[in-house]
Amino acid sequence: MLNEHTIGQKITKARKAKDISQAQLAEYLSISPQAVSRWESGDSLPDIIQLDNLAMYLGVDLNYFSSFDEDDILDRNQKPLNMAFSNWSNNDFSGLSNMGGKLGYSNIHNCIFNDAKLADANLKASNINSSYFNKADLRGAIIHATQLIKSNFVGADLSNASIKASNISNNNFDEANFSNVKIKSSKISKNSFKDTIFNGTELTSILIKDTVFYCDFDNCTIINCNFKDTTFDNCHLNNVFFKNSNLKKVHFSNCTVDKSTLVFLKSSKANTSGLTVIN
């Protein structure tokens with residue numbers, strides 16, 4: 001399992017292979033020998049800039065520090081990992097329950113987190129691309145200033161998550177749970193939402209573009225949102241409050257609504273053809 005101790009072992013192994021002392025490594029990095037010693041003993045962890053410099057000086061690829069060795073031991077009961085400020089590429093973290101959810105300020109590419117326990121995960125300012133979070137537990141996740149692109153969240157639980165100032169594009173959220181999620185000041189485009197759960201969800205100041213929703217909306221709030229080339233197909237909208245949103249380019253196909261939702265849709269200048277009112 002990757003943790004401070006494992007990365008420390010990798011630093012030690014690469015340093016000794018180059019016949020470099022801790023003092024020489026410290027001098028190159030402009031830090032104290034004690035700092036290097038703490039890394040190698042697993043008491044602390046270098047940040048992403050220090051890891052880049054380490055990789056260059058020790059003659060290894062940056063992924064060397066994030067890869068699993070055959071003798072790495074999977075201990076699901078060890079302390080939570082701090083995976084922030086790192087580059088993670090082509091790693092499989094499926095089903096892990098001790099990850100701690102500290103993934104902020106990281107580049108995450110082509111990684112697998114299927115069924116991982118990531119409740120309250122911190123994904124601030126991360127670049128997540130082409131990764132898999134299918135059926136992952138992401139309840140209460142913090143997704144702020146994040147690039148979330150071409151990734152899969154099929155069946156993931158994102159309930160009570162906070163999404164803010166993020167780019168959410170070309171992802172698959174089929175059967176995901178967005179109950180009580182708060183999404184603000186973000187761009188949502190070309191994502192798949194089929195049988196996705198929107199219950200108590202709040203959308204504020206969102207650009208929603210090139211998107212088709214094949215799912216129901218219950219008790220949701222949609223304020224100051226701009227919809228472009230968006231379709232609601234075979235959806236039921238129940239008690240959905242629309243306020244100051246641009247719905248002129250929204251298309252409804254075979255959808256049902258309650259009376260109050262219809263009133264709010266008309267107030268936002270929506271084309272209500274394709275809607276059937278259910279008492």
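Since the model is a prediction, treat every value here as computed from it, not as a measurement.
Taken to the nearest 0.5 Å, the NE2 atom of H251 stands 7.0 Å off from the OG atom of S273. Atom CZ in F173 sits 10.5 Å away from atom OG1 in T211 (nearest 0.5 Å). For the atom pair S151 OG and I112 CD1, the distance stands at 11.5 Å (nearest 0.5 Å). Rounding to the nearest 0.5 Å gives a distance of 11.5 Å between CG of L207 and OG of S185. Atom CG of residue L158 and atom CZ of residue R139 lie 11.0 Å apart, to the nearest 0.5 angstrom. The distance from the CG atom of N177 to the CG atom of L138 is 11.0 Å, given to the nearest 0.5 Å.
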I128 vs L123, side-chain contact (heavy atoms from CB on, under 4.5 Å): CA-CA, chis, key distance, verdict: CA-CA 9 Å; I128 302 173; L123 296 165; 4.0 Å; yes

Given side-chain contact (heavy atoms from CB on, under 4.5 Å), test N246 with C225 step by step and report yes or no. CA-CA 6 Å; N246 184 353; C225 293; over 6 Å; no

Run N191 and N171 through side chain to side chain donor-acceptor pair (under 3.5 Å) and show every step you take. CA-CA 5 Å; N191 300 284; N171 303 287; 3.1 Å; yes

Which is it for L265 and L247 under the side-chain contact (heavy atoms from CB on, under 4.5 Å) test, yes or no, and what are the steps along the way? CA-CA 8 Å; L265 286 170; L247 301 178; 3.7 Å; yes

Would H144 and S162 count as a side chain to side chain donor-acceptor pair (under 3.5 Å) if you check the C-alpha gap in whole Å, the side-chain angles of each, and the deciding distance to 0.1 Å? CA-CA 7 Å; H144 293 180; S162 173; 2.8 Å; yes

For L29 and L54, what are the C-alpha separation, side-chain angles and deciding distance, and is it a side-chain contact (heavy atoms from CB on, under 4.5 Å)? CA-CA 8 Å; L29 296 172; L54 278 167; 3.7 Å; yes

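Under the 3.5 Å distance criterion, the side-chain polar atoms of T12 are left unmatched by any main-chain donor or acceptor of K10. S245 contributes a side-chain N or O that, together with a main-chain N or O of K243, makes up a donor-acceptor pair within less than 3.5 Å. Judged purely by atom type and a 3.5 angstrom limit, S94 has no side-chain atom pairing as donor or acceptor with the backbone of D92. Listed for the T261 side chain is no donor-acceptor partner under 3.5 Å among the backbone atoms of V257. Judged by distance alone, with hydrogens and angles left aside, the side-chain atoms of T230 form a donor-acceptor pair with the main-chain N or O of I208 at under 3.5 Å. The main-chain N or O of S106 is found under 3.5 Å from a side-chain atom of S126 such that the two form a donor-acceptor pair. Listed for the S186 side chain is a donor-acceptor partner under 3.5 Å among the backbone atoms of A165. Although no hydrogens or angles enter the test, the distance criterion places no donor-acceptor pair under 3.5 Å between the side chain of S37 and the main chain of P33. Under a 3.5 Å cut-off, the side chain of S166 and the backbone N or O of I143 do form a donor-acceptor pair.
With F217 as the fixed residue, the ring-ring contact (aromatic ring centres under 6.0 Å, His included) test singles out one of F193, F198, F242: F198.
Between R15 and E40 a salt bridge is recorded (basic side-chain N to carboxylate O distance below 4.0 Å).
Checked against the 6.0 Å centroid threshold, Y214 and F232 do not count as a close aromatic pair.
Heavy-atom minimum distance, C235 versus F213: SG-O, 3.0 Å. Closest approach of T196 and A176 over heavy atoms only: CG2-O, 3.2 Å. Nearest heavy-atom pair across Q24 and D19 is OE1-O, 4.0 Å. The two residues G200 and C220 come nearest to each other via the heavy atoms N-SG, 4.0 Å. When all heavy atoms are compared, the tightest approach of L25 to I20 is N-CG2, 3.8 Å. The minimum heavy-atom distance between W39 and S44, with the atom names listed, is CD1-OG, 3.2 Å.
In this structure, a donor-acceptor pair under 3.5 Å is absent between the side chains of S89 and H109. D174 and S192 share a side-chain donor-acceptor pair at under 3.5 Å. Side-chain N/O atoms of N134 and N152 include no donor and acceptor closer than 3.5 Å. When only modelled atom types and interatomic distance are considered, N87 and N107 share a side-chain donor-acceptor pair under 3.5 Å. A donor atom on one side chain and an acceptor atom on the other are found under 3.5 Å apart for N167 and Q147. For the residue pair S189/S169, the side-chain donor-acceptor check at 3.5 Å is satisfied.
Looking at N271 and V250, their side chains never come closer than 4.5 Å, going by heavy atoms from C-beta outward. The shortest distance between side-chain heavy atoms of N180 and S159 does not fall below 4.5 Å. In this structure, D216 and N199 have side chains that are not in contact, with every pair of non-hydrogen atoms separated by 4.5 Å or more. At least one side-chain heavy atom of N91 sits less than 4.5 Å from a side-chain heavy atom of C111. Contact annotation: the side chain of D157 never approaches that of F178 to less than 4.5 Å [non-hydrogen atoms, C-beta and beyond]. For the pair I108/F113, a side-chain contact is recorded, criterion being any heavy-atom separation below 4.5 Å from C-beta on. In this structure, L203 and T221 have side chains that are not in contact, with every pair of non-hydrogen atoms separated by 4.5 Å or more.
For residues 256-279, every residue pair satisfying the ring-ring contact (aromatic ring centres under 6.0 Å, His included) rule, not counting sequence neighbours, is listed here: F241-F264. For residues 6-33, the ring-ring contact (aromatic ring centres under 6.0 Å, His included) pairs, not counting sequence neighbours, are Y28-Y57.
Considering only residues two or more places apart in sequence or on other chains, Y132 meets the ring-ring contact (aromatic ring centres under 6.0 Å, His included) condition with none of them.
Taken together through direct or relayed side-chain contacts under 4.5 Å among Ile, Leu, Val, Met, Phe, Trp and Tyr, V240 and I197 form parts of separate hydrophobic clusters. No path of Ile, Leu, Val, Met, Phe, Trp and Tyr side chains, each step under 4.5 Å between heavy atoms, connects I222 with V212, placing them in separate hydrophobic clusters. By the rule that hydrophobic residues join a cluster once side-chain heavy atoms approach within less than 4.5 Å of another member, I7 and V60 end up as members of one cluster. Taking hydrophobic clusters as Ile, Leu, Val, Met, Phe, Trp and Tyr residues chained together by side-chain heavy-atom distances below 4.5 Å, F252 does not share a cluster with I278.
Under the 30°/60° scheme for interplanar angles, the aromatic rings of F153 and F133 are found to lie parallel.
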